[in-house]
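Can you read through this structure? Questions will come right after.
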2 protein chains.
Amino acid sequence: MEISLVEENYIKAIYKLQSLNEGEGVSTSDLSRHLKNKAASITDMLKRLSLKKLIQYQKYQGVFLTAKGEKIALAVVRKHRLWEVFLTEKLHFSWDEVHDIAEQMEHIKSEELVKRLDRYLGHPKTDPHGDPIPDDKGLFRALQSKTLSHYKRKGKFIFTGVTEHSPAFLQYLSSINLKIGQALLIEQVNEFDGSLKVRINKQQPCFFSEKVSANILVEAIK
Amino acid sequence: MEISLVEENYIKAIYKLQSLNEGEGVSTSDLSRHLKNKAASITDMLKRLSLKKLIQYQKYQGVFLTAKGEKIALAVVRKHRLWEVFLTEKLHFSWDEVHDIAEQMEHIKSEELVKRLDRYLGHPKTDPHGDPIPDDKGLFRALQSKTLSHYKRKGKFIFTGVTEHSPAFLQYLSSINLKIGQALLIEQVNEFDGSLKVRINKQQPCFFSEKVSANILVEAIK
DNA sequence: GCCATATTTTAGGCGAGCCTAAATTTTTTG
DNA sequence: CAAAAAATTTAGGCTCGCCTAAAATATGGC
């Protein structure tokens, strides 16, 4: 069965929103927002994906991926993240430039290509933003990291990823020399607005607003 | 102006057929054969490409690329050949496996990507089949190689490329250990059917039918 | 130069994937 | 629990890129 590029994008969006939604079906309006198509277009496509048994769809009730649909989603995510690694590691793109290009490359169809790319890159476990790369069976260990704003306390943390991939945000993190794997020392917590005083690598401290720390994933040390 | 993947494929086909046609416009039926679409569909698209000023088209008179169209064709060819180099050099695909994958990758839109890929590959001048890679201005020096069947005489030649890219043909060449850059010694010419007795690299001699030697590009030595 | 044949174009139709407007269903809320 | 509001679906229409059948044009043989 042929799956078009557009269908793959719908599947990917459903997968993403489903993982945020925790158990709930994904709504037409969520998809409409995410894909920037009108709700009526979403309904259109949901019918087609349902016919192809890629999703479970009942009118007005939201939508779930079937096993078949999830397999496709994971394959696309795997390709996307592998290409992001390629673009940063081999072509030296910065982490804020790779998303749009990988968005195109993720649709290239060749199992052999993915296999060889993965080997060539040394079987990376995460992409440049810290997101885990599913293996060829679609398996990956879920991030156990939490956001900095979740902890809201002093202490030492390791920066493991981001939950926001906009160039502006990623460039900001680069500008303060924050890279995946680096240690963060939270020196002060402002209870009023949730902002944090943070020291990175013995540099001058900087301040994270609630909005920033809500998009920074970390693991606590000790 | 947005150019779709399908439009790019038409442009590429026109470019290719134009270069064979030497001056003549490309006919609807040539394109129909090449793209495996019906003639009526070709006419359809020619009208659209003409509106976009990518081709010069007059009913019943065949078609030419405009400067704008040629620029696009060359950019696509450049990308196709660079990705073929990537696939063979970095991912160790064989030269008969890369065409279909590169056919997909050539449509990825990012000037920066092409620039970096080119640098990463060391600014290659030819692809794995010996075809020249246009530079970022679309310039390349045309192959001055001729086919083996053109020479039809004894002597020493360097194998520089192929004019046929089917996996079957390429695999045949691999099976007799013939690679780009290698020397070919023509030891005997059969006038009756145009077949050749050829020695490669001091191995057992092999025999090329007219059909094989018509698809092998060489440069004569001395 | 005319006729037969081959090529090309026009006309009309179809599916994918999008849209707007209107109808329907669900959810909220007073 | 009924009415208003919000979400969703249906109906109908559009473009792109393909098709078949029929009409128009070009070409090649006599």
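What you see is a predicted model; the values in this text were computed from it and never measured. The chains referred to below are lettered A, B, ... by the order of the sequence lines, with proteins before strands, and numbering in each begins at 1. When reading the values below, keep in mind they use all heavy atoms of this one structure, side chains included, and skip hydrogens, waters and symmetry mates.
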Pairs flagged by salt bridge (Lys or Arg N to Asp or Glu O under 4.0 Å) wherever residues 71-83 of chain A is involved - sequence neighbours left out:
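Applying salt bridge (Lys or Arg N to Asp or Glu O under 4.0 Å) to every pair that reaches into residues 71-83 of chain A, excluding sequence neighbours, yields A/Arg78-A/Asp118, A/Arg81-A/Asp127.
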Under 4.0 Å from any heavy atom of chain B: name the first and the last nucleotide of DNA chain D that qualifies, 5' to 3'.
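The protein-touched segment is D/dC16 to D/dA26.
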Provide, to the nearest angstrom, the distance between the CD atom belonging to A/Gln58 and the P atom belonging to C/dT26.
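It works out to 11 Å between those atoms.
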Could you tell me whether A/Lys115 and A/Glu111 make a salt bridge, using a distance below 4.0 angstrom between a side-chain N and a carboxylate O?
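Salt bridge absent between A/Lys115 and A/Glu111.
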Is there a side-chain contact between A/Ser4 and the phosphate of C/dA16, meaning an N or O under 4.0 Å from OP1 or OP2?
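For C/dA16, OP1/OP2 do not have a side-chain N/O of A/Ser4 under 4.0 Å.
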Can a side chain N or O of A/Tyr10 be found less than 4.0 Å away from OP1 or OP2 on C/dC18?
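The answer is yes; a side-chain N or O of A/Tyr10 sits under 4.0 Å from OP1 or OP2.
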Does OP1 or OP2 of C/dT9 have a side-chain N or O of B/Tyr57 closer than 4.0 Å?
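Affirmative; the distance criterion is met.
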Mind jotting down which residue pairs meet the salt bridge (Lys or Arg N to Asp or Glu O under 4.0 Å) criterion with at least one end in residues 5-16 of chain A? Sequence neighbours excluded, please.
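Every salt bridge (Lys or Arg N to Asp or Glu O under 4.0 Å) pair that includes a residue of residues 5-16 of chain A, provided the two are not neighbours, is A/Glu7-A/Lys52, A/Glu8-A/Lys109, A/Lys12-A/Glu103, A/Lys12-A/Glu106.
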B/Ser29 vs C/dA6: side-chain N/O to OP1/OP2 distance below 4.0 Å
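No.
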Tell me, please, which residues at least two apart from B/Phe86 pass ring pair (Phe, Tyr, Trp, His ring centres under 6.0 Å).
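By the ring pair (Phe, Tyr, Trp, His ring centres under 6.0 Å) rule, B/Phe86 matches A/Phe86, B/Trp83.
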Flag if over 12 foreign heavy atoms under 6.0 Å of CD, A/Gln58:
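Open: at most 12 neighbouring heavy atoms sit under 6.0 Å from CD of A/Gln58.
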Step through the shown structure and confirm whether more than 12 heavy atoms of other residues, nucleotides or ligands are within 6.0 Å of CD on A/Glu24.
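No.
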Looking at residues at least two apart in the chain, or sitting in another chain, which of them share a salt bridge (Lys or Arg N to Asp or Glu O under 4.0 Å) with A/Lys90?
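Result, salt bridge (Lys or Arg N to Asp or Glu O under 4.0 Å) vs A/Lys90: none returned.
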Near DNA chain D, which residues from residues 37-48 of chain B have a heavy atom under 4.0 Å away?
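Residues of residues 37-48 of chain B under 4.0 Å from DNA chain D: B/Asn37, B/Lys38, B/Ala40, B/Ser41, B/Asp44, B/Met45, B/Arg48.
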Can you tell me the distance, in whole Å, between the CG atom of A/Leu5 and the C1' atom of C/dC18?
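Taking atom C1' of C/dC18 as the reference, CG of A/Leu5 is at 15 Å.
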